[in-house]
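Note that ligands are numbered from 1 as they come in the structure, with each ligand's atoms numbered from 1 the same way. The figures here come from the full heavy-atom set of this structure, side chains too, leaving out hydrogens, waters and symmetry mates.
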Amino acid sequence: MPSLSLQNAASLVTFPGSGPIRGTALTQPDVLAGATVVAEGGRIASVGDGGPAEATFDATGCTIVAGFVDPHTHLPFYGWRADEDSARLSGLRYEQLHAGEGGIYRSARLLAGASDEQVLDFSGGMARTMLEHGTTTFETKSGYGLSIEAELRQLRLAKKLAEAVPQTVRTTCLAAHAVPKDHMAGEWIGRVATDLLPVVREEGLATACDIYIESIAFALEHAARLSETSSSLGLQMRVHADQLEDGQAGSFAARWGFRSADHLNHTSPDAVDDIAGGDTAAVLLPGATFTLRQNKKPPARSLVDAGAIVALGTDLNPGTSPISSMPFTIALACRTYGLRPAEALAAATVNAAYVLGLEGEIGRIAEGYRADLVVLDVPDIDHLPYRPDRNPVIATVCGGELVHVASSARGRLIR
Ligand code: NIG
Ligand code: FE
């Protein structure tokens with residue numbers, strides 16, 4: 001792979017240290033002016049005043065940040081559900097769609113009806129769009145299978161997707177997404193623990209296990225059951241927590257040492273200290289809040305101020321968040337959750353990498369880190385939330401390779 005130099009950026013913004021970032025450190029990034037970053041052999045070789053390389057991208061007037069890490073998507077999936085969104089815009093609730101033939105059950109039918117090739121084409125197209133918006137690492141999940149075989153199929157498709165895209169991918173088993181129509185909740189959880197997770201582990205299909213805690217889905221006792229199995233298999237535990245009601249899932253996740261608790265719209269103020277006091281990341285998904293038009297927002301400011309590891313993701317899925325852009329998600333987080341630009345950037349890079357177990361490897365611009373970089377056509381990060389409808393990404397570098405250059409920026413590349 002030829003060496004690559006991104007030269008003379010107006011600003012290069014990254015976070016010092018090595019692990020996840022909390023509290024006031026979130027607003028204290030290193031900002032370098034007139035900076036050049038050089039990638040060699042897929043890694044970052046120098047930051048600051050790099051020399052020439054085999055390929056050079058002129059970043060004059062631009063900002064360079066670490067590639068965005070999207071720690072929560074529902075890829076691979078197949079097909080959209082715009083009619084459900086339209087029904088919601090006319091007053092129906094997500095829970096009502098889920099109770100009928102819609103919601104997760106609908107996406108499971110769409111996935112079952114599509115060939116492997118169709119699913120990979122559709123999901124690969126989404127991954128390409130994500131690359132154009134600066135996402136260099138993302139999570140994939142199952143959860144649209146709803147039988148042991150169909151969950152395994154979705155996880156194997158996630159593995160094929162990972163092999164086909166330039167991004168780094170980490171996969172989560174979300175078999176506990178909706179109760180299959182032919183099972184009771186507890187019975188299904190038992191099957192997931194005994195028949196599915198050991199195979200997932202054996203085939204290396206996932207590094208984490210997730211569960212949807214909600215009165216329309218699963219309960220805390222089910223999370224406890226899966227957590228026991230997951231820890232014996234070396235899988236991280238994650239949870240879709242308190243999205244539509246306060247199910248005490250945020251606090252439970254913190255007490256059980258889960259890697260993350262995601263959504264948190266209804267998480268109560270007393271759970272904030274539980275989360276902030278431990279190592280469970282709070283994954284905020286403002287795209288879902290926006291799509292569902294939820295008035296109830298997570299206690300995002302309290303989480304940041306109390307010192308929680310706050311991360312940001314798109315929740316890309318056809319039901320509650322048909323949103324794949326991390327820059328747009330950052331804008332939503334700033335405008336609707338009250339994050340500041342630097343906090344949102346840390347949440348979308350280093351802290352999101354932590355959620356996926358990739359801290360120390362991904363999410364920072366520092367020597368030895370994987371060379372995942374984004375060139376933004378803005379002079380500083382205050383511009384990130386400022387113009388939310390505009391894609392600021394003009395170049396994306398994945399593992400030292402320039403994998404996307406916007407047509408407006410072609411002239412900046414010299415080989
Ligand atoms: O993260 N809340 C549950 N799961 C998804 C929605 C999945 C769907 O509707 O297809 C979420 O919002
Ligand atoms: Fe989700």
Side-chain angles (χ1 to χ4, degrees), residues 70-88 92-112 122-123 126 138-146 150-151 154 158 170-180 185 208-219 222-223 238-247 249-250 253 258-267 281-294 296 298 311-324 329 332 352 355-356:
D70 188 345
H72 186 138
T73 89
H74 289 255
L75 286 170
F77 60 88
Y78 184 74
W80 298 108
R81 299 182 345 231
D83 53 343
E84 291 183 12
D85 190 53
S86 174
R88 272 200 308 268
L92 234 72
R93 293 174 58 80
Y94 179 76
E95 293 91 322
Q96 292 171 292
L97 294 159
H98 180 90
E101 293 296 305
I104 295 163
Y105 299 107
R106 169 107 170 275
S107 282
R109 288 197 306 280
L110 287 166
L111 188 69
F122 181 91
S123 303
M126 292 311 303
F138 62 89
E139 187 230 23
T140 51
K141 271 197 247 294
S142 64
Y144 293 132
L146 307 183
E151 283 292 309
Q154 195 182 359
R170 282 292 175 274
T171 303
T172 302
C173 177
L174 176 61
H177 196 193
V179 183
C209 173
D210 194 349
I211 178 166
Y212 182 27
I213 301 293
E214 203 80 64
S215 52
I216 58 169
F218 296 94
H222 302 132
R238 303 183 57 179
V239 58
H240 278 65
D242 309 329
Q243 183 186 13
L244 305 175
E245 74 222 345
D246 182 4
F258 287 8
R259 189 63 165 196
S260 76
D262 304 36
H263 286 289
L264 303 174
N265 292 66
H266 291 265
T267 297
V283 179
L284 304 178
L285 306 166
T289 302
F290 174 69
T291 304
L292 294 177
R293 296 187 297 152
Q294 282 178 284
K296 187 83 176 129
L312 262 184
T314 61
D315 195 18
L316 170 61
N317 77 76
T320 60
S321 189
I323 289 165
S324 61
T329 300
L332 282 178
V355 173
L356 300 181

Any donor-acceptor N or O pair under 3.5 Å, side chains Asp242, His263: no

Shortest-distance N, O or S atom of His72 relative to the Fe ion (ligand 2): NE2

Residue and atom name of the nearest protein heavy atom (relative to atom 12 (O) of ligand 1), distance in Å to one decimal: Thr320 OG1, 2.5 Å

Under 3.5 Å side-chain donor-acceptor pair for His240 and His72: yes

Geometric class of the Phe77/Tyr144 ring pair [parallel <30°, tilted 30-60°, perpendicular >60°]: perpendicular

Enumerated ligand 1 atoms positioned under 4.0 Å from heavy atoms of Arg81: 8 (C), 9 (O), 10 (O)

Minimum heavy-atom distance Pro71-Val283, with the two atoms named: CG-CG1, 4.2 Å

Proximal ligand 1 atoms for Tyr144, defined as those under 4.0 Å from one of its heavy atoms: 7 (C), 8 (C), 10 (O)

Contact partition for His177 relative to ligand 1, non-hydrogen atoms under 4.0 Å: side chain

Least distance between heavy atoms, Ser260 atom then Arg238 atom: OG-NE, 2.8 Å

Atoms in ligand 1 with a heavy atom of Gly319 nearer than 4.0 Å: 9 (O)

Nearest heavy-atom neighbours spanning Gly250 and Leu264: CA-CD2, 4.0 Å

Where ligand 1 meets His74 - atom numbers and elements under 4.0 angstrom, heavy-atom basis: 1 (O), 4 (N), 5 (C), 11 (C)

Residue-ligand contact Glu214/ligand 1, heavy atom below 4.0 Å: no

Check against side chain to side chain donor-acceptor pair (under 3.5 Å), Thr289 and Asn265: CA-CA 8 Å; Thr289 302; Asn265 292 66; 3.0 Å; yes

Whether Tyr94 lies under 4.0 Å from ligand 1, heavy atom: yes

Any N or O of Ser107 closer than 3.5 Å to N or O of ligand 1: no

Nearest to the Fe ion (ligand 2) - the N/O/S atom of Asp315, by atom name: OD1

Over all atoms of both residues, closest heavy-atom pair of Ala223 and Phe258: O-CZ, 4.2 Å

Contact partition for Gln243 relative to ligand 1, non-hydrogen atoms under 4.0 Å: side chain

For Leu316, the option from Thr329, Ile323, Leu75, Thr140 that meets side chain to side chain contact (heavy atoms under 4.5 Å, CB included): Leu75

Ligand 1 contact by His98, heavy-atom criterion under 4.0 angstrom: no

Atom indices of ligand 1 within 4.0 angstrom of His263 heavy atoms, with elements: 1 (O), 11 (C), 12 (O)

